[in-house]
Structures are given as structure tokens and as C-alpha cells.
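Comments concern the structure below.
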Amino acid sequence: MQYIFGPLPSRRLGLSLGISPIPRKTCNYSCIYCQLGRTDHLTNKRELFFPVNVIIEELETTLAAKPAFDAATIVGEGEPTLYLGLGDLIEEVKARVDKPVAVITNGALVYLPEVRADLSKADIVLLSMDAYDQGSFQKINRPHGKIKFIDIYEGLKIFSEQYQGQLWLEIMLMNDNVDEESLGKYAQMLRELKYQKLYLNTPVRPPAEPDINPLEHEKMQKAVSILGGVSIDLIHSQGFHSEITDHYAAILSIIKRHPMNQFEIESFLKKRGCEDIEKIMDRLKQDRAVSELEYMGYLTYRLR
Ligand code: SF4
């Protein structure tokens with residue numbers, strides 16, 4: 001499968017059937033915390049990377065096997081609003097699934113009326129809002145040169161007013177954007193937006209830059225008390241799942257999109273009744289296509 005993956009556990013969406021309409025690591029940001037590593041293809045040009053009907057054909061093949069899932073989620077290994085066919089894709093997916101259709105976006109293109117129109121077709125838009133001014137934007141998201149923080153914020157205000165679906169915002173908090181001043185600025189921005197949920201997150205998987213650290217629990221609690229919302233580390237996800245019968249191929253198909261730590265892989269394999277867990281862990285360590293990264297005291301695996 002090239003475009004459809006999962007269903008994978010998502011702390012916000014339950015079991016999420018993923019739809020990726022963009023080439024890997026194609027984004028208009030190169031966030032310091034990105035779990036995919038640094039962005040390979042930094043672009044702000046919307047393109048029809050793949051025909052909508054080809055993605056939909058693959059979705060139909062997947063749906064024929066009747067997988068259980070809670071939401072169909074358009075989420076690239078990069079930024080899905082760069083896909084020019086996004087609006088059509090949402091409509092075609094909605095015509096085929098009876099579950100909510102969600103889009104996970106960094107929100108960078110929400111200043112464009114046509115992107116707001118595309119996103120308005122989804123049932124749920126999960127949008128990241130990590131910065132509160134141009135300086136923090138440059139530092140955290142490292143955007144493509146043409147994008148301005150103020151344009152995004154103004155576009156987001158319009159979108160939040162007009163959107164009829166569920167707008168769920170997420171802020172990624174790290175030690176350098178959680179001081180009193182930063183939290184005060186986020187709070188000011190949030191007062192001007194209409195949204196249904198706010199998630200506060202912190203990097204729990206190896207980030208693009210090695211000096212980025214997850215927030216301590218007390219600081220996260222303080223942020224929750226000022227901004228409201230839910231700390232995402234308090235939400236538990238369901239386990240990983242794959243329809244691929246070969247254990248090793250199943251892991252590769254997951255870590256292509258979603259890094260897994262050693263404990264997640266072991267529990268995934270145990271649940272499938274695998275008897276060669278050690279052999280598979282050794283194979284992962286030796287596989288040149290796989291990166292093994294140490295973060296927060298344990299090993300995480302992702303595809304290079
Ligand atoms: S975290 Fe998302 S928005 Fe940021 S670089 Fe990675 S894919 Fe792009």
C-alpha cells in the first residue's frame with residue numbers, strides 16, 4: 001500500500017485509518033521537534049502529487065477487507081494541505097466511509113481561502129499552533145521562506161469563525177516555549193479563536209534536533225492550568241495493529257509512518273503470537289533502512 005496505512009492507534013482519534021496524499025517528508029516546515037527528522041523537501045507549492053482516483057482505489061481495496069477503525073485521517077509524512085486535490089479527496093473519502101474524516105495539518109496554508117475551503121469539508125481538523133509570533137515561528141517551525149506567522153494567525157481566526165466541523169488545536173510545548181511570557185501569548189491567541197478542543201503535547205519520540213527535550217510533568221501541569229485543554233500524555237492510545245501477516249514487514253509498514261519504541265514493538269509482536277521477538281529486534285538493529293535512536297532512556301525505531 002502506498003497511500004493507505006494502519007489502522008494505527010491515535011491518542012486523539014482512537015484507531016485511525018491513515019491516508020497519505022504527499023511524498024514522504026514533503027513539508028512547508030522543518031520543525032525542531034519533528035519525529036520524521038529534518039524535512040527533505042521544503043516547499044510551499046501545492047501540487048497534485050498523485051491522482052485522487054489512484055488514492056481512492058487503494059482505499060477501496062483496504063475497505064473491502066472491512067478493517068475496524070474510528071476515523072479516516074488524511075495525514076502526510078509532511079503537510080497534507082500541500083496536496084492540491086485535498087478538497088476532492090476529502091469528498092471521495094467521505095462518500096466511502098461512515099466514520100469521521102479528519103485532517104491533521106500544521107495550519108501553515110490556512111491563510112489561503114482555497115485551503116480553508118478544502119479543510120472545511122472535513123469533519124475534524126487537527127491543527128498545530130506552536131508559535132505565538134514570527135520569532136517563535138522561525139525558531140520552532142523553521143518555515144519555508146514565504147510564510148509569515150501573522151498571515152497564518154489571521155487565516156486561522158477566519159477559519160475558526162467559519163468552520164462548521166470540529167476544530168482541535170494542538171500546541172507542542174518544549175522547555176523554551178513554556179515560560180510565563182510564552183504561555184501568556186498563547187492564552188491571548190486562544191481567546192481570539194473558536195475551537196472545540198485543545199491538546200498540549202510535548203516531544204515523546206526522537207525529535208529532528210537532538211537538544212530538544214520533552215517537558216517535565218510539573219511544567220505541563222502549569223501550562224494546562226493557564227491554557228486549559230488536555231495534556232496529551234494523559235491520554236492512552238490503543239495498541240498497534242497491522243493486517244500484514246509477516247511480522248517484520250508489518251513493523252516496517254508501521255515505522256515508515258509512525259516511529260515505535262522497543263516496548264511498543266515487543267508488545268505488538270507478543271499480541272500477534274510471535275515467537276522470535278529477539279530475532280526480529282536484532283534484524284531491526286542491523287537493517288540499514290532503519291534508524292535506531294536513543295531518546296528518553298529507550299530505543300526508538302523509524303525508517304530512514
Ligand atoms: S512536525 Fe509536521 S509540520 Fe513539522 S516538519 Fe514534521 S511533518 Fe512538517
Side-chain angles (χ1 to χ4, degrees), residues 8-13 16 27 29-39 75 77 79 104-108 126-143 149 152-153 156 167-193 195-238 257-264 291-302:
L8 293 182
S10 157
R11 285 179 291 186
R12 292 170 294 176
L13 292 161
S16 160
C27 194
Y29 289 176
S30 185
C31 301
I32 52 176
Y33 62 78
C34 184
Q35 64 179 17
L36 301 171
R38 291 185 190 155
T39 297
V75 49
E77 298 118 326
E79 174 47 37
I104 298 183
T105 173
N106 64 18
L126 299 96
L127 188 145
S128 298
M129 196 188 84
D130 303 321
Y132 48 77
D133 61 15
Q134 188 65 26
S136 57
F137 186 43
Q138 298 289 146
K139 192 170 168 191
I140 298 169
N141 300 122
R142 300 187 297 192
F149 168 79
I152 298 175
Y153 185 45
L156 181 53
L167 177 60
W168 298 356
L169 300 176
E170 176 180 303
I171 302 177
M172 184 66 83
L173 293 170
M174 297 151 278
N175 276 313
D176 41 358
N177 65 340
V178 80
D179 54 287
E180 296 272 339
E181 193 186 345
S182 306
L183 292 178
K185 288 179 178 171
Y186 287 124
Q188 175 61 35
M189 286 171 66
L190 290 168
R191 278 195 282 276
E192 296 190 37
L193 298 170
Y195 57 93
Q196 282 67 44
K197 292 187 186 179
L198 171 69
Y199 292 104
L200 302 181
N201 203 352
T202 196
V204 291
R205 298 186 190 272
E209 303 306 327
D211 55 342
I212 300 305
N213 293 306
L215 216 58
E216 296 92 10
H217 185 67
E218 298 70 40
K219 288 188 180 171
M220 181 58 91
Q221 290 311 108
K222 186 179 163 205
V224 169
S225 70
I226 294 175
L227 303 179
V230 181
S231 163
I232 211 162
D233 62 359
L234 297 177
I235 310 171
H236 297 285
S237 66
Q238 300 173 45
R257 265 98 185 195
H258 190 303
M260 293 169 87
N261 68 42
Q262 62 197 90
F263 305 112
E264 288 167 333
S291 299
E292 181 189 69
L293 304 137
E294 195 175 343
Y295 186 63
M296 293 171 69
Y298 47 80
L299 297 170
T300 295
Y301 298 85
R302 76 176 176 219

Can you tell me if [X] uses its side chain to pair, donor with acceptor, with the backbone of [Y] under 3.5 Å?
X: S30; Y: R38; result: no
X: N106; Y: A108; result: yes
X: E170; Y: L126; result: no
X: E192; Y: M189; result: no

Can you find a pair of side-chain heavy atoms, one from [X] and one from [Y], that are under 4.5 Å apart?
X: R12; Y: I104; value: yes
X: V204; Y: Q35; value: no
X: F149; Y: N141; value: no
X: L169; Y: L193; value: yes
X: T202; Y: V178; value: no

Inset, instruction - With side chain to side chain donor-acceptor pair (under 3.5 Å) as the test, would you mind laying out the steps for D130 and Y33 before giving the verdict? - result: CA-CA 11 Å; D130 303 321; Y33 62 78; 2.5 Å; yes
Inset, instruction - Give a yes or no on whether a salt bridge exists between E180 and K222, defined as a side-chain N under 4.0 angstrom from a carboxylate O. - result: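 Yes, this pair counts.
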Inset, instruction - Salt-bridge test for R302 and E77: reply yes if a basic N is under 4.0 Å from a carboxylate O, no otherwise. - result: no
Legend entry - No-hydrogen, no-angle side-chain donor-acceptor test under 3.5 Å, Y132 and N177: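 No donor-acceptor contact under 3.5 Å links the two side chains.
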Inset, instruction - Sequence neighbours left out, what passes salt bridge (Lys or Arg N to Asp or Glu O under 4.0 Å) with R142? Give chain and number order. - result: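 R142 satisfies salt bridge (Lys or Arg N to Asp or Glu O under 4.0 Å) with E209 only.
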Legend entry - CG-CD1 distance between L190 and I226, expressed to the nearest 0.5 angstrom: 12.0 Å
